There are 2 protein chains.
Amino acid sequence: MTPPVFAHGSLRLYLLALLEERPRHGYELIQALSEQFGGTYSPSAGTIYPRLAKLEEEGLVTKSTDGRKSVYEITDAGRAELDARRHELDEIENDVTDSVRRLADGVRAEVNDAMRSLRAELASAAREAKRAATRMPAGSAGASSTSHADSSRAVHEADLVLNEFRQQLRTDLRTRAHQGRVSTESVTLLKARLAQVRADVLATLVDTPPN
Amino acid sequence: MTPPVFAHGSLRLYLLALLEERPRHGYELIQALSEQFGGTYSPSAGTIYPRLAKLEEEGLVTKSTDGRKSVYEITDAGRAELDARRHELDEIENDVTDSVRRLADGVRAEVNDAMRSLRAELASAAREAKRAATRMPAGSAGASSTSHADSSRAVHEADLVLNEFRQQLRTDLRTRAHQGRVSTESVTLLKARLAQVRADVLATLVDTPPN
DNA sequence: ATTCGTCACGCGATATATCGCGTCGTTGCA
DNA sequence: TGCAACGACGCGATATATCGCGTGACGAAT
C-alpha cells in the first residue's frame, strides 16, 4: 500500500555506511535507523536481516556470533563498494527523509480515521452481527444421516460457538458500561432470548429421529 | 506503569485452557489471546514463551518441533490441573476483560490527548474563553432511568445469565450426543440464532441515548 | 501481627530469522 | 525498439527465544 521508504539498493548501501562507522549487530542497526529518521520509521527485522545475510554472502561484511548477538563488520571489499558509490549516499538520505515525512502525514490521517472508527465501534459491531445473522443459506435438503464422527465434531463446534458468543457479548456489555449505561431491560431481553434459543435448539435435537 | 492484564498464575491456567481445545504453537496462542480480547490486548512473545517453557518443565504440556514451529500439546497431568482449577477460569476471564477494557479506555484517552494537543493552538483559546464565560452552573438534573450501580449490576447479572446458558447447552448437547446424534444443522441454527440475539441486544444498547 | 526477603510472575524490550506479496530494474528476445 | 519474464529488493507478518524491571504473593523471621 504505502511505498517503501528505501528505494532499490538504497538500504544495502546505507547499512554498509552504518557498518563503516563501527561493527554493529542487527538489532543495533534497526535502532540506529529508527533514531536517524526521527523514530517515525522503524525498519522491521524482516527488512534488515535478509539484507545483512546478502551482504555477507557477497563478502562485503563478515558475521561473528557473540553470545546471542550476531556482530557484523565491514570488509575491505565493503569499503571499496562504499567508496565507489559514496556520492549516492546524500541523495539517499534526502529521499528517505522525504519518504518519512510523507509517512508521518499518512499516520496522522490514519489516527483521525481510527478515532472515527472507535466511536463507531458499537454500531458497526451491531451491524456486522446482524449481517451475519441474515446470511443463512439453510439449503442442503439432503437426507444425509449424521455420523458418529460428525456428531462429535458438531458438539465440539457448538462449544466453540458458545464460547465465542459469550466472549463477544461480555465485551460488548463492558464496552457499553464504560461509555454509558446498561439497562436491566437489556439483561431481561437477553435472558428471554437465550431461553428461547435453548428451547429451539433442544427441539431440533429431540425431533431428529436417532436411528 | 500499567498493571498487568493477567494476575499471578492466571496466564498459566488460561494457556492450559486454550491448549485443551487443541494443540497450538506459540504464535498461534498469541493470536488466539489477541482475538479473544478484542485485539486491544496482544500478549507479547516475552509473556508467552517463558510460560510455555515453564509448563513443559512442569510436565503439563509437551513440546514438539514441526519445521520452524513448536507445537505444544496438553498432557494428562495438564488436564488434571485444569480440572482441579476449572472454577477459577470464569473469574480470570472477568478480570482480564475488565483489565482490557481499562486498557482500551487508557489508549483512547491518550489518543484523544494527542489529537487535542495537535488542535489546541487555535481552538483551546476560544473554547476556554467560552467556558470561563458560561461558568457551568452544574445543573444536569437528568432523571436517568439507569444508575451507575444498576448498570454494573446489570453487567454482572448478564455474566451469570450467559454462563448459565452456556453451561446448560453444553450439558444438553453432551447428553444428546450420548444417547444419539447431534446434527451439524443444530449447530448452524445455534450459531445463527446467537448472532441474532447479539444483534438484538446490541441494538437495545445503541438505541438507548447515553445522556 | 508485622515486616522483611525472596521468588515467581507478567511484560516490554532485546535479539534473530523466514515467508510471501508486491514492485521495480534489468536483461534478453521478438 | 518494445516488452515480457525474471530476479532482486523492501517490508509486514510470521515465528521463536532471552533479559531485566517492577510488582505481588507467600513464607520466615521478628
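If you're wondering where the values come from, they're calculated on a predicted model, not measured in any experiment.
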Identify whether any heavy atom of [X] sits under 4.0 Å from a base atom; if not, whether one sits that close to sugar-phosphate; answer base, sugar-phosphate or nothing.
X        : answer
Phe6(B)  : sugar-phosphate
Ser70(A) : sugar-phosphate
Pro50(A) : base
Ala53(A) : nothing

query: With no hydrogens and no angle check, is any side-chain donor or acceptor of Thr75(A) less than 3.5 Å from a backbone partner on Leu60(A)?
result: yes

Has [X] got a side-chain N or O lying under 4.0 Å from the OP1 or OP2 atom of [N]?
X        : N       : result
Lys69(A) : dA17(D) : no
Tyr41(A) : dC11(D) : yes
Arg51(B) : dC9(C)  : yes

message: One thing to verify: whether Glu81(B) and Arg12(B) come together as a salt bridge, which I'm taking to mean a side-chain N less than 4.0 angstrom from a carboxylate O.
response: yes

With the side chain of [X] defined as its heavy atoms from C-beta on, choose the nearest nucleotide among [options].
X        : options                   : answer
Tyr49(B) : dA15(C), dG10(C), dT16(D) : dT16(D)
Lys54(A) : dA8(D), dT18(C), dA17(D)  : dA8(D)
Leu11(B) : dG10(C), dC11(D), dA13(C) : dG10(C)
Arg68(A) : dA17(C), dA15(C), dC9(D)  : dA15(C)
His25(A) : dC9(D), dA15(C), dC11(D)  : dA15(C)

task: Using whole Å, report how far CG of Leu16(B) lies from P of dC9(C).
output: 13 Å

query: Can you tell me how far P of dG10(C) sits from CG of Leu13(B), to the nearest Å?
result: 11 Å

field: Glu28(A)-Tyr72(A) side chain donor-acceptor pair, cut-off 3.5 Å
entry: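 No, Tyr72(A) and Glu28(A) have no side-chain donor paired with an acceptor closer than 3.5 Å.
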
query: Under 3.5 Å, is there a donor-acceptor pair between the Thr204(B) and Ser186(A) side chains?
result: yes

- line: On DNA chain D, more 5' by nearest nucleotide between Gly46(B) and His8(B) is Gly46(B)

- prompt: When you match Thr47(A) and Gln31(A) each to their closest nucleotide on DNA chain C, which lands nearer the 5' end?
  reply: Gln31(A)

message: Taking atom CZ as the centre, does Arg86(B) end up with more than 12 heavy-atom neighbours from other residues, nucleotides or ligands that are less than 6.0 angstrom away?
response: yes

